[in-house]
Amino acid sequence: MFQLPRGTRDFTPEETEKRRYVEENMLSTFKSFGYKEIQTPTFETLELFTAKSGDLIIDEIYAFSDKGGRELALRPELTAPVMRFYVEKMQMEPKPLKLFYFGNCFRYDRPQKGRYREFWQAGCEIVGTNTPEAYAELVAMAYTILKNVGLKNIKLNIGNLNIINSTFTQLGLSKDDQKKLLPLIDKSQFDDVFSLLPDLGITNDSAKKFTDMLQTSDINKIKEFFKEDTPAIDELSNMEKILDLLKSSFNVKDFQIKMSIVRGLDYYKGLVFEIDAPVLGAEKQLCGGGAYDLVTLFGGRETPTAGFAVGFDRTILALETEQFAFPSFKTDVYIIPVSKEMIGKSIEIAQNLRKEGILTDLDLLRRGIGKSLKYANSKNVEKVIIIGPKELENDSVTLRDMKAGDQEVVKIADIVSKLKNN
RNA sequence: GCCCGGGUAGUGUAGCCUGGCAACAUAUGGGACUGUGGAUCCUCUGUGGCGGGUUCAAAUCCCGCCUCGGGCCCCA
């Protein structure tokens with residue numbers, strides 16, 4: 001017996017149908033916002049990812065050498081590949097450039113619910129604009145994607161790294177000090193932040209104002225923290241515009257300002273946001289994104305970029321936890337030949353139905369009618385066509401409605417119209 | 001990488017503590033039923049995650065590993 005590799009999964013027909021439904025739903029939302037889908041390879045050069053995220057992450061990357069000695073890696077995420085693609089081949093495309101993707105990614109991590117070694121991400125990047133309306137649209141689209149697939153209970157949090165950085169500057173905190181604070185802020189351990197600040201030379205009063213600011217969702221309170229002429233004021237008014245547009249024009253109202261969003265890496269600039277599904281427990285983040293700069297890191301001409309990624313597997317889990325009613329995908333018709341002699345004619349009829357776009361299955365086990373009906377029933381097929389010599393003499397078949405339990409004799413020429421009318 | 005809890009036919013479970021023929025339900029194939037389903041009955045097939053130890057004897061006790069899950073770490 002062989003076993004699945006740790007952290008990977010098989011998907012049954014039912015699961016695959018669910019996943020395909022959600023995938024198509026997500027992709028159509030991207031498209032509705034004018035985004036175009038792209039694809040990149042499953043593996044890339046290892047340095048693409050280490051350049052972006054540092055050598056540390058190599059522990060969590062599926063890295064390998066190929067037979068030519070090239071250092072390669074299964075992609076752990078898709079932003080870097082998309083930006084590589086952009087810098088290599090798409091820099092001259094008209095702006096803004098709106099790209100989305102859907103694909104599997106790989107991380108060597110301890111698996112648990114909502115975290116797998118092979119997982120799927122849907123996401124997008126927008127290149128060449130940093131207007132408030134572009135960012136508001138980005139956030140609204142992330143929110144809309146999750147709402148459109150049918151999630152009821154999600155939480156959208158919006159922050160801004162430039163503003164956080166300005167607070168550090170204003171408080172006169174060194175890079176080292178910031179490194180101590182950021183993990184605590186990220187984990188919302190504000191009491192620990194507060195008690196650490198005096199050690200870094202911050203007065204109790206400032207420390208209080210700082211930790212209050214981190215926890216407020218009132219943008220005016222955040223403004224009060226800053227002196228009039230700091231760059232943060234511009235960033236704040238930008239953020240205010242984004243939030244206004246979200247609320248009044250995109251009609252996305254249930255979000256929170258959360259200044260304590262830090263996100264992992266330092267190529268994020270300005271806007272950051274996250275969407276959680278509280279039902280999921282420990283691994284509850286469904287979506288994360290923001291503005292970032294990878295283009296210059298990858299050798300391209302400087303241009304604003306922003307994007308987000310949605311955890312596809314977690315979205316499915318959240319839908320299941322919320323007991324979402326996934327549509328069922330049934331076979332429309334099951335054809336039963338009553339005897340061996342009827343098989344040829346049955347196949348012929350099946351083929352005609354298939355040409356008409358009717359999902360048609362056919363008995364392939366030469367089973368009796370009773371068993372065949374039982375099978376059709378267990379597969380939730382709605383209609384059964386029974387093909388036997390009696391009806392065939394009049395160019396007819398028996399069409400049986402499995403739900404109602406009644407049946408009628410129908411001319412072969414009329415089957416399609418009969419089926420389509422129901 | 002750390003702590004904790006699981007793993008018994010395809011699926012869901014019992015038995016484990018206190019070692020003694022592996023059980024039940026359901027599903028699958030065949031049949032009762034040679035032209036009519038969901039019911040009923042009969043029947044075939046299919047089981048201890050893997051490896052080692054203790055023992056006359058291991059699903060059961062012990063050890064290691066694999067794997068799933070809860071919580072950490074991390075989360076690009």
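Throughout, protein chains are lettered first and strands after them, A, B, ... in sequence-line order, and every chain is numbered starting at 1.
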| field | A/D363 side-chain N/O to A/L365 backbone N/O, donor-acceptor pair under 3.5 Å | value | yes
| Side chain of A/R115, base of B/G69: donor and acceptor closer than 3.5 Å? | no
| query | When the nearest nucleotide of RNA chain B is assigned to A/E274 and to A/A404 on a heavy-atom basis, which residue is associated with the more 5' position? | reply | A/A404
| Most 5' of A/I369 and A/L365 on RNA chain B, judged by nearest nucleotide | A/L365
| message | When the C1' atoms of B/C73 and B/C17 are compared, how many Å lie between them, rounded to an integer? | response | 36 Å
| query | Looking only at N and O atoms, is any donor in the side chain of A/E391 or the base of B/G35 less than 3.5 Å from an acceptor on the other one? | reply | yes
| Check: A/E133 side chain, A/A136 main-chain N or O, donor-acceptor pair, under 3.5 Å | no
| Using 4.0 Å as the upper bound for N to carboxylate O, is an ion pair formed by A/R75 and A/E44? | no
| query | In the strands shown, is B/G64 matched to any nucleotide by a Watson-Crick or G-U wobble pair with both distances under 3.5 Å, and which? | reply | B/C50
| field | Under 4.0 angstrom between A/R6 side-chain N/O and B/C66 OP1 or OP2 | value | no
| Interatomic distance at C1', B/U18 relative to B/C4, whole Å | 26 Å
| request: May I ask you to verify whether the side chain of A/K371 and the base of B/G31 hold a donor-acceptor pair under 3.5 Å? | output: yes
| query | Mind checking the P distance from B/A14 to B/U54? Whole angstroms is fine. | reply | 32 Å
| If you measure from the P atom in B/U60 to the same atom in B/U8, how many Å do you get, rounded? | 14 Å
| Complement of B/C56, any strand, by Watson-Crick or G-U distances under 3.5 angstrom | B/G20
| said: Rounding to an integer number of angstrom, what distance separates B/G20 and B/U28 when you compare their P atoms? | reply: 34 Å
| message | Strictly by Watson-Crick or wobble contacts shorter than 3.5 Å, is anything paired with B/G1, and which nucleotide is it? | response | B/C72
| field | Sugar-phosphate only, base, or nothing, as touched by A/S339 at under 4.0 Å among non-hydrogen atoms | value | nothing
| field | Whether A/Q215 side chain and A/T211 backbone form a donor-acceptor pair below 3.5 Å | value | yes
| Ring-ring centroid check A/F30 A/F100, cutoff 6.0 Å | yes
| request: State the pairing partner of B/G10; accept Watson-Crick or G-U wobble contacts with both distances under 3.5 Å, and report none otherwise. | output: B/U26
| message | Taking the minimum atom-to-atom distance to the side chain of A/K390, which one of B/G69, B/G35, B/A76 wins? | response | B/G35
| query | What integer number of Å spans the P atoms of B/G7 and B/U13? | reply | 10 Å
| For B/G30, does either OP1 or OP2 sit under 4.0 Å from a side-chain N or O belonging to A/R367? | yes
| request: Look at all strands and tell whether A/G388 reaches a base, only sugar-phosphate, or nothing, counting heavy atoms closer than 4.0 Å. | output: base
| field | Distance between C1' atoms of B/C65 and B/U26 (Å, rounded) | value | 33 Å
| task | Would you mind pulling out the nucleotide paired to B/G35, Watson-Crick or G-U wobble, both distances under 3.5 Å? | result | none
| A/E47-A/T45 side chain donor-acceptor pair, cut-off 3.5 Å | no
| Choosing from B/G35, B/A76, B/C73, which nucleotide comes nearest the side chain of A/Y267? | B/A76
